[in-house]
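These notes are about the structure you will find just below.
Heavy atoms only: backbone and side chains are in, while hydrogens, waters and symmetry mates are out. Convention: sequence-line order gives letters A, B, ...; per-chain numbering from 1.
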2 protein chains.
Amino acid sequence: MATPTPQAAPPGGLRERKKQRTRDALIRAALELFTEQGYDETTIDEIAEAVNVSQRTYFRYFANKEEVVFAVQEMVEARFLEELRERPAAEAPLTALRSAVMVAWDEIGSAIESVVPVELHMRSYRMIESTPALIAAHLRRSSDLEEQIARLIAGREGLDVDTDPRPRVVVAAFCGVMRVAGKVWGEGEDCSVASIRTLTQSYLDHIGPAIDDDWRAR
Amino acid sequence: MATPTPQAAPPGGLRERKKQRTRDALIRAALELFTEQGYDETTIDEIAEAVNVSQRTYFRYFANKEEVVFAVQEMVEARFLEELRERPAAEAPLTALRSAVMVAWDEIGSAIESVVPVELHMRSYRMIESTPALIAAHLRRSSDLEEQIARLIAGREGLDVDTDPRPRVVVAAFCGVMRVAGKVWGEGEDCSVASIRTLTQSYLDHIGPAIDDDWRAR
DNA sequence: GAGGCTAATGTCAGCCACTGACAGTTGACA
DNA sequence: TGTCAACTGTCAGTGGCTGACATTAGCCTC
């Protein structure tokens, strides 16, 4: 589902479809092995063997061991950026960011399901937050995304991201808060999509008040 | 290190001093090689050879290849935390953070010099920001620091960091902005301490206005 | 549908980061 | 001075990752 093709059969020839299947199989196998026995405890040979390809083939699909973990995440991020681009120009920056996140959360479910079970993806998210090597990779990716968002916001407001600090500053604040929300969610009990959505919303609502000088006054 | 030694001149016996010298030599050699020929292009064997120790010995001082890069950074961060702890309780959270950073910037110079030339440290900072593997490590470390700061701020305000989102939210916003400032500085021309200090100050001043709804109104 | 073209894959050799085990060396201290 | 413990070197081995080359298999033309 979510494929923009008229026919049920995916685009391209047999070769293309075969590649897609191998890629998806590698992602599924990797996430299953990682979440079951741990990231460090799983070798790439095991993943390759589970899909019946050589280790060398794995590295032709993914540049390194980490990349396969973030394949689904990448889809979600693309979805968010799309949504942000479609927000009305009248919305204030922080409002647009907030709205885009909320809409994205409501729609990614089905997109994820086309590659891996949502539950597996959620377990993977938690694994990322508890594996040092993956936390690092996750943060680096988030940082790249942050840069993209900042340029997008600057574009909306007709500003130059290199001379006016405000786009990068709001986005930095926004992304910082988003990361914290994700982290707190990962440590909590409820691992549902609804749960992370609520948490995100609540944390974003606190940016303004938290910046204020006197917390005790409210 | 961090031993409660009564004397300042001889921090211990001959053995202790020898260890300290080896450690400092490894840091200096590593930073010099990394900044000269690149991080990825430098092997640990080269670093070890430059200090006349075995590769195995390097790994007894540093857990991995990245760690040696952040040895100086660690000192700076410790200095900042110290400063933050000493800020008067009357100061608002964001103000205290801001002040602590400014004071820290003014004092770290001499502390750094005791291990490596400040200029080498500044070049290292730039290398970090332009090496993917090090960016990731840097962000992970920053994330850990962020957690410490959040707990400290929560303590100041008499709040529980796990129930009240505000400490983590301000700190996330603050640290996000700090990272952006560091990044922008790394891409600029002027690599002086004064330069990063000014930039930091300017960016922090923009948090409030950037959160506001209408940027065009000001 | 036989042939050539080319993308995808397998195999192999090798580099480098990192680790455990064991042995040799050298400060510390009685 | 001799013993103990800490520090270091050597060696062997694992796992991530890459380049080179041979092999397989989809695609396209005649």
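- In this structure, Ser130(A) contributes its side chain and Met127(A) its backbone to a donor-acceptor pair below 3.5 Å.
- Of all the heavy atoms in Ala172(B) and Val177(A), the pair that sits closest is CB-N, 3.9 Å.
- Here side-chain hydrogen bond (donor to acceptor under 3.5 Å, both in side chains) pairs that include residues 132-142 of chain B, with residues two or more places apart or in two chains, are Glu74(B)-Arg141(B), Glu77(B)-Arg141(B), Arg140(B)-Asp144(B).
- A salt bridge does not link Arg151(B) with Asp160(B): none of the charged nitrogens is closer than 4.0 Å to a carboxylate oxygen.
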Please test Arg179(B) against Glu146(A) for salt bridge (Lys or Arg N to Asp or Glu O under 4.0 Å), starting from the C-alpha separation and ending with a verdict. CA-CA 11 Å; Arg179(B) 279 198 302 102; Glu146(A) 199 173 315; 3.3 Å; yes
Per-pair distances, 0.1 Å, donor-acceptor, side chain in residues 117-124 of chain A, under 3.5 Å, sequence neighbours excluded:
| from | atom 1 | to | atom 2 | distance (Å) |
| --- | --- | --- | --- | --- |
| Glu119(A) | OE1 | Arg123(A) | NH2 | 3.4 |
| Glu119(A) | OE2 | Arg123(A) | NE | 3.0 |
| His121(A) | NE2 | Gln73(A) | OE1 | 3.4 |
| Arg123(A) | NH1 | Thr35(A) | OG1 | 3.3 |
| Ser124(A) | OG | Leu120(A) | O | 2.8 |

Where along nucleotides 22-30 of chain D does protein come under 4.0 Å, by heavy atom, of base (B) or sugar-phosphate alone (S), with - for untouched nucleotides? ----BS---
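- Salt bridge absent: Lys65(B) and Asp40(B) never bring a charged side-chain N and a carboxylate O closer than 4.0 Å.
- For Glu41(A), the CD atom sits in a packed shell: over 12 heavy atoms of surrounding residues, nucleotides or ligands are nearer than 6.0 Å.
- The footprint of chain B on DNA chain C, defined by a heavy-atom cutoff below 4.0 Å, extends from dC16(C) to dA28(C).
- Ring centers of Tyr125(B) and Trp185(B): under 6.0 Å apart, within the cut-off.
- A salt bridge links Glu83(A) with Arg79(A): the closest approach of a Lys/Arg side-chain nitrogen to an acidic carboxylate oxygen falls below 4.0 angstrom.
- DNA chain D is contacted by Thr43(A), Ile44(A), Gln55(A), Arg56(A), Phe59(A), Arg60(A), Ala63(A), Asn64(A), Lys65(A) of residues 43-70 of chain A, taking any non-hydrogen atom closer than 4.0 Å.
- A salt bridge does not link Glu187(B) to Arg126(B): none of the charged side-chain nitrogens sits closer than 4.0 Å to a carboxylate oxygen.
- Side-chain polar atoms of Gln55(A) and Glu49(A) form no donor-acceptor pair below 3.5 angstrom.
- Within a heavy-atom distance below 4.0 Å of DNA chain D, no residue of residues 126-141 of chain B is found.
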